[in-house]
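In this text the structure is predicted, and so the values were computed from the model without any measurement.
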Amino acid sequence: MMITFQGFSKQKSPQVLFENALPASDPGTLEQLKELSSRRRAIESINQNSFVTEAIAREMSGGLTSRCEQNIQKVEQYLPLLGNLIHHVNIVGDSLKMARWISDLKIRWSSSLAPSSFFHLSGPKLYQMDNLHFELGMTLFVLGALLRDQALEVLSTDLVQSATILRKAAGIYQHLAQVVLPCLQPELAPERPPEALISVSAATTLVCLAEAQAVTVKKAEQKGNTGGLLAKLHYGVCEFLNEAIHTLNSATKQCKDISSLTDYITTCKILHELLCYKYLAESLKTEGKIGFAIGVLCQVIQSSEKHTPREESWRLVYKQVIDDLTVLLRKYEHENEFVWHEKIPMQDELPVPQGVKIVSSILYQPQRWERTLVFKM
């Protein structure tokens with residue numbers, strides 16, 4: 001990953017006390033509802049200032065040293081309990097009492113993608129939906145985001161593990177888009193967080209797959225693979241991201257405040273396009289087609305000038321890649337001028353990159369803690 005977007009996991013949610021809103025008919029159910037609240041409280045603490053020392057956090061998590069892994073564990077311990085609650089609420093079926101109890105939970109989440117989450121003028125904006133699938137969807141979105149953070153954490157030490165974690169994150173977002181969020185769509189309020197939209201989760205699936213392939217390309221570069229293969233792999237990343245941009249188009253009609261995510265995807269796509277053309281040019285040069293190599297470099301450098309990344313750190317990376325390509329172009333032009341004297345082809349005569357996708361998502365399999373819950377109906 002050449003640039004990073006860490007805005008996925010910054011959601012916040014006020015406290016939810018399940019035992020106060022859902023009347024238990026027996027001590028066992030009451031105890032389980034209290035445990036559900038306790039596990040959720042651990043998730044609520046993820047994006048809050050913590051006074052827990054590293055040593056205590058490590059002991060509480062069973063020896064995990066990474067704060068990211070500790071947070072993932074918190075979410076994974078909550079989800080089976082939440083799944084069991086949803087199962088028993090579904091057994092009750094359509095009930096005015098149950099609907100009122102779920103409403104009394106006041107399930108509210110902020111968005112990490114909406115601008116109000118970044119500009120804390122009066123605190124993050126909270127979205128409320130009286131539906132347990134909203135709670136499940138937002139929790140899974142956080143889990144996928146934490147896995148992305150973990151993939152970045154191990155990137156410098158284990159490329160294979162990093163790519164595998166990103167594929168797991170893709171599987172979670174795919175599950176969200178295909179299984180969880182469709183249950184929520186008929187009940188969506190006029191104001192909804194981007195994370196509750198099917199198109200956003202579908203696009204994030206593709207972003208995670210693109211990032212996983214980008215890590216795989218890095219591994220291929222380390223192994224000394226040839227320019228032709230690297231060009232195809234980089235263009236495969238572009239194809240994932242093009243698909244993500246297309247998928248997000250429907251989201252921007254429903255929710256116009258996800259420009260930061262859109263710009264990240266666009267910038268990533270152009271960066272990998274630049275690298276694709278770099279390796280394509282090197283491959284053409286190796287084949288003795290220096291005129292074509294010069295042509296593709298000129299084409300991609302000119303097209304890249306139309307885009308300006310929004311983040312300063314992204315702009316620095318963007319400028320460095322373009323500068324590197326410009327140096328390569330000048331080198332080829334100088335060599336062609338004094339040695340080869342090849343004609344530079346017209347733009348419509350230049351080769352078109354071919355992409356190869358070699359990664360796929362790892363299927364997410366939800367776990368459910370099977371314990372009986374009985375409510376006072």
Is there a path of hydrophobic side-chain contacts, each under 4.5 Å between heavy atoms of I/L/V/M/F/W/Y residues, joining [Y] to [X]?
X: Leu274; Y: Ile3; answer: yes
X: Ile301; Y: Tyr235; answer: no
X: Ile102; Y: Val92; answer: yes
X: Phe18; Y: Leu30; answer: no
X: Leu350; Y: Trp340; answer: yes

Flag, side chain of [X] to backbone of [Y], donor-acceptor distance under 3.5 Å:
X: His88; Y: Asn84; value: yes
X: Thr205; Y: Gln174; value: yes
X: Thr267; Y: Tyr264; value: no
X: Thr266; Y: Thr262; value: yes
X: Ser103; Y: Ala99; value: no
X: Gln213; Y: Ile358; value: yes
X: Ser45; Y: Ala42; value: yes
X: Thr204; Y: Val200; value: yes
X: Thr216; Y: Ala212; value: yes
X: Ser162; Y: Ala151; value: yes

Is it the case that more than 12 heavy atoms not belonging to [X] sit under 6.0 Å from its [atom1] atom?
X: His307; atom1: NE2; answer: yes
X: Met346; atom1: CE; answer: no
X: Leu96; atom1: CG; answer: no
X: His341; atom1: NE2; answer: yes
X: Lys289; atom1: NZ; answer: no
X: Gln15; atom1: CD; answer: yes
X: Gln299; atom1: CD; answer: yes

> How long is the span from the SG atom in Cys208 to the CD1 atom in Ile362, to the nearest 0.5 Å?
Replying inline: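 Between atom SG of Cys208 and atom CD1 of Ile362 there are 11.5 Å.
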
Got [X] and [Y] here, is their nearest side-chain heavy-atom distance under 4.5 Å?
X: Asn71; Y: Asp149; result: no
X: Val359; Y: Val215; result: no
X: Lys232; Y: Leu280; result: no
X: Phe134; Y: Pro193; result: yes
X: Val179; Y: Tyr364; result: no
X: Met138; Y: Ile107; result: no
X: Pro351; Y: Val296; result: yes
X: Glu35; Y: Trp369; result: yes

>> Under 4.0 Å between a side-chain nitrogen and a carboxylate oxygen: does that hold for Glu31 and Arg371?
In response: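 The answer is no: the pair does not qualify as a salt bridge.
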
>> I'd like to know if Glu44 and Arg40 make a salt bridge, using a cut-off of under 4.0 Å between side-chain N and carboxylate O.
In response: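 A salt bridge links Glu44 with Arg40.
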
> By side-chain hydrogen bond (donor to acceptor under 3.5 Å, both in side chains), which residues pair with Gln6, not counting sequence neighbours?
Replying inline: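 Per chain and number, Gln6 pairs via side-chain hydrogen bond (donor to acceptor under 3.5 Å, both in side chains) with no residue.
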
>> Side chains of Gln150 and Ser66 only: does a donor on one sit below 3.5 Å from an acceptor on the other?
In response: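 No, Ser66 and Gln150 have no side-chain donor paired with an acceptor closer than 3.5 Å.
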
> For Tyr332 and Glu342, what are the C-alpha separation, side-chain angles and deciding distance, and is it a side chain to side chain donor-acceptor pair (under 3.5 Å)?
Replying inline: CA-CA 11 Å; Tyr332 285 0; Glu342 277 195 18; over 6 Å; no

>> For Val89 and Trp101: C-alpha separation, side-chain torsions, deciding distance, then whether side-chain contact (heavy atoms from CB on, under 4.5 Å) applies.
In response: CA-CA 11 Å; Val89 168; Trp101 295 338; over 6 Å; no

> Which pairs pass salt bridge (charged side-chain N to carboxylate O under 4.0 Å, His left out) with one or both residues in residues 302-314, sequence neighbours excluded?
Replying inline: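 Residue pairs with at least one partner in residues 302-314: Glu312-Arg315.
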
Sequence neighbours left out, cut at 3.5 Å: what donor-acceptor pairs do the side chains of residues 166-173 make with other protein atoms?
residue: Arg167; atom: NE; partner: Ser360; partner atom: O; Å: 2.6
residue: Tyr173; atom: OH; partner: Phe141; partner atom: O; Å: 3.1
residue: Tyr173; atom: OH; partner: Ala145; partner atom: N; Å: 2.9

> Can you check side-chain contact (heavy atoms from CB on, under 4.5 Å) on Thr139 and Leu79, steps first, answer last?
Replying inline: CA-CA 8 Å; Thr139 306; Leu79 282 168; 3.7 Å; yes

>> Parallel, tilted or perpendicular, judged at 30° and 60°: which one describes the rings of Phe8 and Phe5?
In response: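 Rings of Phe8 and Phe5: perpendicular, as their planes differ by over 60°.
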
